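In what follows, a single structure is set out as structure tokens and then discussed.
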Amino acid sequence: MSPVRAPPPLHPDFHPEASIDAAGPGKLDPSHRVILYLEDITVSFDGFRALDRLTLYIDVGELRCIIGPNGAGKTTMMDVITGKTRPDSGTAFFGQTVDLTRMSEPEIARAGIGRKFQKPTVFERHTVFENLELAMKADKRARKTLFATLGDEARDRIADTLRLVRLASEAGRAAGLLSHGQKQWLEIGMLLVQEPKLLLLDEPVAGMTDEETDRTAELIVSLAGEHSLVVVEHDMAFVAQLGGKVTVLHEGSVLAEGKLESVQNDPRVVEVYLGR
Ligand SMILES: Nc1ncnc2c1ncn2[C@@H]1O[C@H](COP(=O)(O)OP(=O)(O)O)[C@@H](O)[C@H]1O
Ligand SMILES: [Mg+2]
């Protein structure tokens with residue numbers, strides 16, 4: 001907990017009297033446009049500013065891609081959102097009531113923010129189904145409300161998720177036997193059974209085949225609307241497939257934002273990418 005309470009976001013959509021859970025767990029609240037407010041976030045490591053007054057808003061149900069050269073601050077931004085790194089200054093709100101700068105990582109996960117790291121971390125000896133079951137049980141909210149009374153609903157949710165991530169035919173296989181791409185999908189499934197409102201994906205197609213990359217793009221596009229998504233990615237062809245708004249980070253702040261074609265033609269963006 002930071003000793004000084006951060007000011008609420010300045011964005012006109014922010015209404016602190018509202019409740020993020022007006023829509024219930026796992027459901028997005030459509031009565032507000034913005035789900036994530038980052039304002040003036042600064043993170044310093046030994047005087048070096050990894051994030052430098054970063055301001056960024058993500059809309060409810062939006063699919064946003066974050067690009068930018070190595071060292072731009074993309075992973076640090078994810079670390080701030082998930083509570084792994086505390087900002088030195090700035091405001092980070094999830095929905096209308098959740099001040100991310102005052103919460104622990106588990107509290108933030110329970111509030112509905114799921115994060116997928118680059119390397120898949122599935123339980124290799126367990127089956128695909130068991131991995132989803134374990135992920136669901138790890139979610140304390142689900143343990144209380146679902147497993148006590150709604151066993152069938154939990155199984156249905158796992159079955160739906162298996163279909164969504166295209167692993168229904170692999171449900172009984174040990175996760176260790178899946179291809180790299182399938183493991184990545186399983187891990188996305190493990191996040192989905194916890195019904196996050198906001199999903200953060202760090203380079204989800206790294207190491208995938210072209211076909212796996214195409215399928216991952218379809219999966220991510222299909223999740224938008226029901227979830228808000230922030231995808232950090234280097235692969236421009238993949239970013240183009242996703243089709244959402246793109247934010248270019250550079251030296252810890254936003255350099256450009258908009259459709260991929262327009263940011264790609266922005267001379268400042270061209271210089272940052274080609275100037276290295
Ligand atoms: N824990 C840390 N300690 C010191 N420097 C760090 C730490 N984490 C990140 N950095 C530095 O902050 C900058 C931004 O890093 P990062 O957020 O990982 O960038 P990106 O993900 O865009 O490649 C880099 O210069 C990196 O070296
Ligand atoms: Mg990174």
Side-chain angles (χ1 to χ4, degrees), residues 2 36-58 62-94 100-101 103-106 108-109 113-121 180-181 183-184 187-188 191 196 198-208 213 216-217 220 228-242 244-258 260 263-264 266 268-276:
S2 64
L36 181 70
Y37 302 81
L38 300 179
E39 287 179 354
D40 262 348
I41 297 279
T42 295
V43 171
S44 303
F45 297 112
D46 302 323
F48 172 79
R49 290 188 169 199
L51 294 180
D52 190 4
R53 306 199 65 177
L54 173 70
T55 294
L56 191 74
Y57 304 102
I58 305 295
E62 181 181 358
L63 165 53
R64 175 76 58 92
C65 284
I66 310 281
I67 63 174
N70 271 335
K74 303 181 295 295
T75 299
T76 305
M77 181 199 75
M78 299 265 205
D79 290 344
V80 167
I81 297 168
T82 55
K84 193 171 173 214
T85 297
R86 291 272 172 240
D88 300 311
S89 57
T91 303
F93 263 73
F94 179 50
L100 297 171
T101 64
M103 293 165 74
S104 68
E105 287 185 80
I108 290 172
I113 299 183
R115 179 184 193 175
K116 194 195 158 317
F117 290 89
Q118 201 174 319
K119 196 168 167 284
T121 50
H180 172 74
K183 283 181 191 168
Q184 300 275 26
E187 206 181 354
I188 292 173
L191 291 173
L198 172 65
L199 261 172
L200 310 175
L201 306 175
D202 204 347
E203 301 190 29
V205 296
M208 281 192 183
T213 299
T216 304
I220 291 174
S228 302
L229 296 118
V230 176
V231 181
V232 165
E233 192 48 64
H234 286 294
D235 180 339
M236 287 301 157
F238 177 69
V239 172
Q241 275 178 294
L242 294 181
K245 190 169 165 185
V246 175
T247 297
V248 185
L249 286 197
H250 176 54
E251 295 180 349
S253 40
V254 174
L255 181 67
E257 207 163 73
L260 179 62
V263 300
Q264 273 182 319
D266 185 322
R268 293 167 308 161
V269 176
V270 173
E271 188 184 331
V272 160
Y273 273 95
L274 300 182
R276 297 185 166 231

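It should be emphasised that the depicted structure is a prediction, and the values quoted were computed from it without experimental measurement. Numbering of ligands and ligand atoms starts at 1, following listing order.
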message: Below 4.0 angstrom, counting only protein heavy atoms, does anything approach atom 27 (O) of ligand 1?
response: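 No; the ligand atom in question lacks any protein heavy-atom contact below 4.0 Å.
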Minimum heavy-atom distance [X]-[Y], with the two atoms named:
| X | Y | result |
| --- | --- | --- |
| P87 | V43 | CA-CG2, 3.8 Å |
| Q241 | T213 | OE1-CG2, 4.1 Å |
| R53 | T42 | N-OG1, 3.0 Å |

query: Against heavy atoms of F48, which atoms of ligand 1 measure under 4.0 Å?
result: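 Contacts of ligand 1 toward F48, numbered from 1: 12 (O), 13 (C), 25 (O).
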message: Give the atom numbers and elements of ligand 1 that come within less than 4.0 Å of a heavy atom of A72.
response: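 By the 4.0 Å cutoff, the relevant atoms are 19 (O), 20 (P), 22 (O).
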query: What about G73: any of its N or O atoms under 3.5 Å from an N or O on ligand 1?
result: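 Yes, there is a polar N/O contact under 3.5 Å.
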N or O contact, F45 vs ligand 1, cut-off under 3.5 Å: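 N/O-N/O distance below 3.5 Å does not exist for this pair.
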Just so I know, are the side chains of [X] and [Y] near enough to count as touching, which here means a heavy-atom distance under 4.5 Å?
| X | Y | result |
| --- | --- | --- |
| V248 | V272 | no |
| E271 | H250 | no |
| P204 | F238 | yes |
| I188 | Q184 | no |
| E233 | L201 | no |

Who's the nearest protein heavy-atom neighbour of [atom], and how far?
| atom | result |
| --- | --- |
| atom 16 (P) of ligand 1 | T76 OG1, 3.6 Å |
| atom 18 (O) of ligand 1 | T75 CB, 3.7 Å |
| atom 12 (O) of ligand 1 | A50 CB, 3.3 Å |

field: Distance filter under 2.8 Å, centred on the Mg ion (ligand 2) - protein N, O or S atoms that pass it
entry: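 The answer is T75 OG1.
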task: Measure from atom 14 (C) of ligand 1 to every heavy atom in G68, S44, G71 and give the option owning the shortest one.
output: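 Comparing heavy atoms across G68, S44, G71, the nearest one to atom 14 (C) of ligand 1 lies in G71.
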field: Side-chain ion pair, E257 and R64, N-O less than 4.0 Å
entry: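 Counted as a salt bridge, because a side-chain N and a carboxylate O are separated by less than 4.0 Å.
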field: Backbone N/O of L255 and side chain of R268: donor-acceptor pair under 3.5 Å
entry: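 It does hold such a pair.
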